[in-house]
Amino acid sequence: MSTRIAFLKGHGTENDFVIVPDPENAVDLPPAAVAALCDRRAGIGGDGLLHVVRSAAHPEAEDMADEAEWFMDYRNGDGSVAEMCGNGVRVFARYLQHAGLVTEGDLAVATRGGVKRVHLAKNGDVTAGMGRARLPEGEVTVVVGERSWPARNVNMGNPHAVAFVADLAHAGDLFAPPPVSPASAYPQGVNVEFVVDRGPRHVALRVHERGSGETRSCGTGACAVAVAAARRDGADPAVTGLPATYVVDVPGGRLVITESPDGEIEMTGPAVIVATGEIDSEWLETVAR
């Protein structure tokens, strides 16, 4: 391994990521190393880490290599592995463009949640095909202090509990995961979204992301919120036969989510590369122990 490891820093609606380009999957990134890199005081700082690997070089993505050249090996800020990250996949695509590996237009990205279709637009926005939502059966409740709300269980390749509230301040500080019951609904933990209405098909959210705490944005969470809002509003595209588009304001900006009658969901928003640099491999080896 070289004494220096290249990294970049990027964000999508202020959901920020450390990006580690590693085409041949040669950089060892155990959970402790990822957590140290994402530490905002002692490391580079980020809500998560995007490990950029050729699909053919990663055992979890080899079977997707014919369909997608690049694999987004995504890690949460605490070092845990995640299935998918909506803002992350847009920033991942922006990195590939920044590095000259792809150009404007369409590309496929392999993730643990399957192959995702991404479009890099000339105006700088990135649209990600997020697949279809699953709506598991059963009632779910979210609790913060003395308040509780029924929540919609939505799975976007990762799990979400969506609660509609009167005031986003009711979500509390979101330092710790809000209790969700029954625990059996989310055996691997859950992302929790608190949602208020801003206008017709326009909502705003705060989110506690599993493994990261409160973040400035969550792409899969915005999709889950749009799906839950469409069902609540009687605008389920599978029933109406019409696409349902929601503007979703997050603390870090704005995303536009469209669900088609066939269930496919697209998310559009900005993705920005803000810095490049090098990691000292000796430091990384030390913090990884």
Side-chain angles (χ1 to χ4, degrees), residues 6-25 27 29 38 46-58 60-61 64-76 81-132 156-158 209 212 215-223 226 248 250 252-258 264-276:
F7 81 91
L8 299 90
K9 182 72 182 287
H11 77 90
T13 52
E14 298 182 11
N15 195 186
D16 62 335
F17 309 95
V18 178
I19 305 164
V20 179
D22 182 24
E24 301 310 315
N25 198 25
V27 179
L29 289 171
C38 291
D47 293 322
L49 183 142
L50 304 174
H51 185 206
V52 185
V53 185
R54 291 189 189 277
S55 298
H58 199 289
E60 293 183 73
M64 295 181 274
D66 288 344
E67 195 173 353
E69 181 180 3
W70 295 99
F71 173 55
M72 183 179 79
D73 175 18
Y74 181 70
R75 318 293 182 84
N76 294 314
V81 170
E83 303 92 338
M84 172 56 186
C85 175
N87 285 315
V89 77
R90 290 186 299 106
V91 174
F92 187 94
R94 176 67 75 220
Y95 161 73
L96 294 177
Q97 183 186 40
H98 174 88
L101 299 168
V102 302
T103 58
E104 290 174 357
D106 299 327
L107 71 146
V109 175
T111 76
R112 291 185 179 86
V115 175
K116 304 301 179 184
R117 306 293 169 183
V118 182
H119 180 80
L120 291 150
K122 290 183 179 180
N123 68 358
D125 279 347
V126 182
T127 297
M130 301 294 288
R132 295 177 171 86
M156 287 298 309
N158 57 358
E209 284 199 64
S212 297
T215 59
R216 300 284 292 168
S217 181
C218 176
T220 56
C223 293
V248 181
V250 297
R254 175 169 287 180
L255 296 165
V256 178
I257 313 298
T258 298
E264 290 292 332
I265 298 168
E266 289 189 337
M267 173 182 62
T268 299
V272 183
I273 302 297
V274 299
T276 62

message = I need the Asn25 CG to Glu60 CD distance, nearest 0.5 Å.
response = 9.5 Å
Taking every non-hydrogen atom, the tightest pair across Asn158 and Met84 = ND2-O, 3.3 Å
query = Closest approach of Lys9 and Val18, non-hydrogen atoms and distance?
reply = CD-N, 4.5 Å
ask   = Do Asp125 and Thr268 have a side chain donor and acceptor closer than 3.5 Å?
value = no
key: Heavy-atom donor-acceptor pair, Arg216 side chain to Asn15 backbone, under 3.5 Å   = no
ask   = So Val52 and Tyr95, side chain to side chain contact (heavy atoms under 4.5 Å, CB included) or not? Walk me through it.
value = CA-CA 9 Å; Val52 185; Tyr95 161 73; 3.8 Å; yes
query = So, His11 and Asp16: side-chain donor and acceptor under 3.5 Å apart, yes or no?
reply = no
message = Looking at every non-hydrogen atom in both residues, tell me the closest pair between Met130 and Gly86 and how far apart they are.
response = CE-CA, 3.5 Å
message = Walk me through whether Thr13 and Leu255 qualify under side chain to side chain contact (heavy atoms under 4.5 Å, CB included).
response = CA-CA 8 Å; Thr13 52; Leu255 296 165; 4.0 Å; yes
inquiry  = Using the rule given for side chain to side chain contact (heavy atoms under 4.5 Å, CB included), can you reason through Leu29 versus Arg75, listing the C-alpha separation, both sets of side-chain angles and the distance that settles it, and then say yes or no?
reply    = CA-CA 10 Å; Leu29 289 171; Arg75 318 293 182 84; 4.1 Å; yes
message = Assess whether a salt bridge exists between Glu264 and Arg117, defined as any Lys/Arg side-chain N lying under 4.0 Å from an Asp/Glu carboxylate O.
response = no
query = Which atoms form the tightest heavy-atom contact between Arg90 and Ala271, and what is the distance?
reply = O-CB, 3.7 Å
query = Pick from Val109, Val102, Leu96, Thr127: which one makes a side-chain contact (heavy atoms from CB on, under 4.5 Å) with Val118?
reply = Val109
ask   = Taking C-beta and beyond as the side chain, do Leu49 and Val20 meet within less than 4.5 Å on heavy atoms?
value = yes
task = Run the numbers on Phe92 and Trp70 for side chain to side chain contact (heavy atoms under 4.5 Å, CB included), then give the verdict.
result = CA-CA 9 Å; Phe92 187 94; Trp70 295 99; 3.9 Å; yes
query = Salt bridge between Glu83 and Arg112, side-chain N to carboxylate O under 4.0 Å?
reply = no
task = Return yes if a side-chain donor-acceptor contact under 3.5 Å exists between Thr215 and Asp47, otherwise no.
result = no
